[in-house]
Participant: 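I'd like to ask some things about the structure below.
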Amino acid sequence: MFTITSPDTSVLNQIQHKINDKTKPLGALGQLEDIATQLALIQQAETIAINQPHLLVFAGDHGIARHGLSIAPSEVTTQMVINFLAGGAAINCFCRVNDMALQVIDAGTKIEADDHPQLIKQRLGNGTEDFSQQAAMSKKIALQGINYGADLIAKHHQQGCNLVGFGEMGIGNTSSAAAIMAAILKIPADECVGRGTGIDDSQLQRKQALITQALDLHRTQLKDPLSILACLGGFEIAQITGGMLKAAELKMSVLVDGFISTAAAMLATAMYPEANHYFIYCHCSEESGHQRMLQHLDATPLLNLGLRLGEGTGAALALPIIRSACEFYNNMASFGEAGVTV
């Protein structure tokens, strides 16, 4: 479906020499040097740049939410979509202050929002099925979601975007992400399930029990990433997965946000391991299990701010750091240029 190749590493020594020759001790800029190296490998250019960065928020509802596993009902998904479109959410604030374009995608909410110039409707249904009782969606729908996400990224790439961040909104989607994590890592649900938006002890126990039930129900089907997505995923997770893979195919940089977006990254890299070279992991979420996800992906997140909001907030907050990595790589003087001897 995709053709994803690793960046050409023949220029790595050249990149490393350029960084090491800057007027600083070796390695003194820490992760900024790693980000600059990653971007330089992706872009294969003497000067690296962030062009038309976009943050895409995909919204979808989950049948599992009917069990009351969140602090809010499914209707809040659409209410938050309307809030995004009105400019009132945290992600709107962070995109505005960091000069990042924001777009909202209805991947399949329970209640359809009214048309809006900033809203793209790529609905796969009125929310997924309850995956504790049956598959969340068919494989056909999962593939359609992957294709929807990929097509959207292709359009942004054609318009000059070379960096895209992924956010999400969907009541119940931490349950889906935890189930995906458990299936991919082959570990028990209680090692993956957290409190999401802040549920109480009884809700947490119910959430663990239902995800365990789902893993048992679908056990014979959880053999490959597409089947895991179909059995346990969400419409927004399917489209994010496809978007991430298309971005990697087009050699764009991908900003991976928190727990749910990282679940999509786990699916994407399980399908195409080379895609991970294009992923920048923006923060470590407070959600239980996210740190273990990052370890599985061999990822060192840029930020650890105690975030657990989603929406792509961590991705938007990481953008200034990534821009700073570009700036030092492009414009910081070398020892020779500055007349500094060590």
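For clarity, every value in this text was computed on a predicted model and none was experimentally measured.
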Participant: Determine whether more than 12 heavy atoms belonging to other residues, nucleotides or ligands lie under 6.0 Å from atom CG of Asp114.
Facilitator: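 Open.
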
Participant: On a heavy-atom basis, which atom in Asp200 and which in Gln203 lie closest, and how many Å separate them?
Facilitator: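 Here Asp200 and Gln203 meet closest at OD1-N, 2.8 Å.
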
Participant: At what distance, to the nearest 0.5 angstrom, does NZ of Lys207 lie from OG1 of Thr212?
Facilitator: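 One finds 12.5 Å between NZ of Lys207 and OG1 of Thr212.
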
Participant: Does one side chain, of Asn162 or His157, offer a donor that lies under 3.5 Å from an acceptor on the other?
Facilitator: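 Not at all, the side chains of Asn162 and His157 share no donor-acceptor pair under 3.5 Å.
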
Participant: Would you mind checking if Glu129 and Arg66 are paired as a salt bridge, meaning a charged N to carboxylate O distance below 4.0 Å?
Facilitator: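 Salt bridge: no.
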
Participant: Let me see the working for Glu337 and Lys22 under salt bridge (Lys or Arg N to Asp or Glu O under 4.0 Å), right down to the final yes or no.
Facilitator: CA-CA 9 Å; Glu337 290 167 343; Lys22 302 291 186 183; 5.9 Å; no

Participant: Are the side chains of Gln38 and Ile35 in touch, meaning some heavy atoms are under 4.5 Å apart?
Facilitator: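 Yes - at least one pair of side-chain heavy atoms lies under 4.5 Å apart.
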
Participant: Working to the nearest 0.5 Å, report the span between CG of Leu29 and OH of Tyr329.
Facilitator: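 If I round to the nearest 0.5 Å, the distance is 13.5 Å.
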
Participant: Can you get from Leu119 to Leu124 by hopping between Ile, Leu, Val, Met, Phe, Trp and Tyr side chains that sit under 4.5 Å apart?
Facilitator: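 No; tracing contacts between hydrophobic side chains, which count when under 4.5 Å, never links both residues.
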
Participant: Between Arg96 and Gly87 (side chain of the first, backbone of the second, donor and acceptor by atom type, cut-off under 3.5 Å), is there such a pair?
Facilitator: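 Indeed, once roles are kept as given, a pair shorter than 3.5 Å links the two residues.
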
Participant: Rounded to the nearest 0.5 Å, how far does NE2 of His296 lie from CG of Leu185?
Facilitator: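 Going from CG on Leu185 over to NE2 on His296, the span is 5.5 Å.
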
Participant: Looking at Gln122, is its backbone amide N or carbonyl O close enough to the side chain of Gln239 to form a donor-acceptor pair, meaning the two atoms are under 3.5 Å apart?
Facilitator: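 At least one qualifying donor-acceptor pair exists.
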
Participant: Can you spot which of Asp61, Ile111, Thr109 makes a side-chain contact (heavy atoms from CB on, under 4.5 Å) with Glu75?
Facilitator: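 Option passing the side-chain contact (heavy atoms from CB on, under 4.5 Å) with Glu75: Ile111.
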
Participant: Got a salt bridge between Asp201 and Arg195, using NZ or NE/NH1/NH2 to carboxylate O under 4.0 Å?
Facilitator: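 A salt bridge links Asp201 with Arg195.
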
Participant: Indicate whether any N or O donor in one side chain lies under 3.5 Å from an N or O acceptor in the other, for Tyr281 and Asn276.
Facilitator: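 Distance-only check passes for Tyr281 and Asn276.
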
Participant: Parallel, tilted or perpendicular: which fits the ring planes of His290 and His283, with parallel below 30° and perpendicular above 60°?
Facilitator: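 Answer is tilted, since the angle falls between 30° and 60°.
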
Participant: Ile228 and Val193: same hydrophobic cluster, using ILVMFWY side-chain contacts below 4.5 Å?
Facilitator: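 Linked within one cluster.
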
Participant: Is any side-chain heavy atom of Asn13 less than 4.5 Å from a side-chain heavy atom of His17?
Facilitator: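 No, every pair of side-chain atoms sits at 4.5 Å or beyond.
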
Participant: State whether the side chain of Arg292 and the backbone N or O of Met181 hold a donor-acceptor pair below 3.5 Å, judged by distance alone.
Facilitator: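 No.
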
Participant: Let's go through Cys326 and Ile50 carefully: what are the C-alpha distance in whole Å and the side-chain angles of both, what is the deciding distance for side-chain contact (heavy atoms from CB on, under 4.5 Å) to 0.1 Å, and is it a yes or a no?
Facilitator: CA-CA 8 Å; Cys326 293; Ile50 303 303; 3.8 Å; yes

Participant: If you compare all heavy atoms of Ser175 against all heavy atoms of Ile211, which two are closest, and at what distance to 0.1 Å?
Facilitator: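 Shortest heavy-atom separation between Ser175 and Ile211 comes out as O-CD1, 3.5 Å.
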
Participant: Is there a path of hydrophobic side-chain contacts, each under 4.5 Å between heavy atoms of I/L/V/M/F/W/Y residues, joining Leu55 to Ile240?
Facilitator: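 No; tracing contacts between hydrophobic side chains, which count when under 4.5 Å, never links both residues.
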
Participant: Please report the interatomic distance CE(Met100) to CG(Asn98), rounded to the nearest 0.5 Å.
Facilitator: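 So the CE of Met100 and the CG of Asn98 are separated by 8.5 Å.
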
Participant: Looking only at the side chains, is there a donor atom on one of Lys251 and Thr5 sitting less than 3.5 Å from an acceptor on the other?
Facilitator: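 Yes, side-chain donor-acceptor contact under 3.5 Å.
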
Participant: Is it true that, when you exclude Glu274 itself, more than 12 heavy atoms of the residues, nucleotides or ligands shown sit nearer than 6.0 Å to its CD?
Facilitator: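 Counting other residues, nucleotides and ligands, CD of Glu274 exceeds 12 neighbours.
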
Participant: Is there a donor-acceptor pair closer than 3.5 Å between any side-chain N or O of His67 and the backbone N or O of Leu69?
Facilitator: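 No.
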
Participant: I'd like to know if Val164 and Ile321 are part of one continuous hydrophobic network [Ile/Leu/Val/Met/Phe/Trp/Tyr, side-chain heavy atoms within less than 4.5 Å].
Facilitator: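 Not linked; separate clusters.
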
Participant: Any ion pair linking Asp115 and Lys121 (charged N to carboxylate O, less than 4.0 Å)?
Facilitator: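 Salt bridge: yes.
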
Participant: How close do Gln208 and Ala189 get, counting heavy atoms only, and between which atoms?
Facilitator: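 What the structure gives for the nearest pair is O-CB, 4.0 Å.
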
Participant: Once you round to the nearest 0.5 Å, how far does CG of Leu297 lie from OG1 of Thr269?
Facilitator: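 Reported to 0.5 Å precision, the distance equals 5.0 Å.
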
Participant: Strictly by modelled atom types, are Asn173 and Glu168 linked by a side-chain donor-acceptor pair under 3.5 Å?
Facilitator: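 Note: Asn173 and Glu168 side chains meet the donor-acceptor criterion.
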
Participant: Rounded to the nearest 0.5 Å, what separation is found between the CD1 atom of Ile171 and the CD1 atom of Ile71?
Facilitator: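 Ile171 atom CD1 to Ile71 atom CD1 measures 7.5 Å (nearest 0.5 Å).
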
Participant: Check the side chains of His156 and Gln103 for a donor-acceptor pair under 3.5 angstrom, ignoring hydrogens and angles.
Facilitator: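 Gln103 vs His156: donor-acceptor pair found between side chains.
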
Participant: Is there a donor-acceptor contact under 3.5 Å linking the side chains of Thr78 and Lys110?
Facilitator: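 Result is no, nothing qualifies.
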
Participant: Kindly give the heavy-atom pair with the smallest separation between Tyr278 and Met252, and that separation in Å.
Facilitator: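 Taking Tyr278 first and Met252 second, the nearest heavy atoms are CB-O, 3.5 Å.
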
Participant: Do His62 and Glu236 pair up side chain to side chain, a donor and an acceptor below 3.5 Å, judged on atom types alone?
Facilitator: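 Yes, Glu236 and His62 have a side-chain donor paired with an acceptor closer than 3.5 Å.
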
Participant: Minimum heavy-atom separation for Phe58 and Phe166, please, with both atom names.
Facilitator: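 Shortest heavy-atom contact: CE1-CD2, 3.7 Å.
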
Participant: Between Ser334 and Lys18, does any side-chain donor sit less than 3.5 Å from a side-chain acceptor?
Facilitator: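 No, because no side-chain N or O of Ser334 sits under 3.5 Å from a partner of the opposite role on Lys18.
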
Participant: Are Ile91 and Leu85 in one and the same hydrophobic cluster, where Ile, Leu, Val, Met, Phe, Trp and Tyr link if side-chain heavy atoms are under 4.5 Å apart?
Facilitator: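 Looking at the clustering, Leu85 is in the same group as Ile91.
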
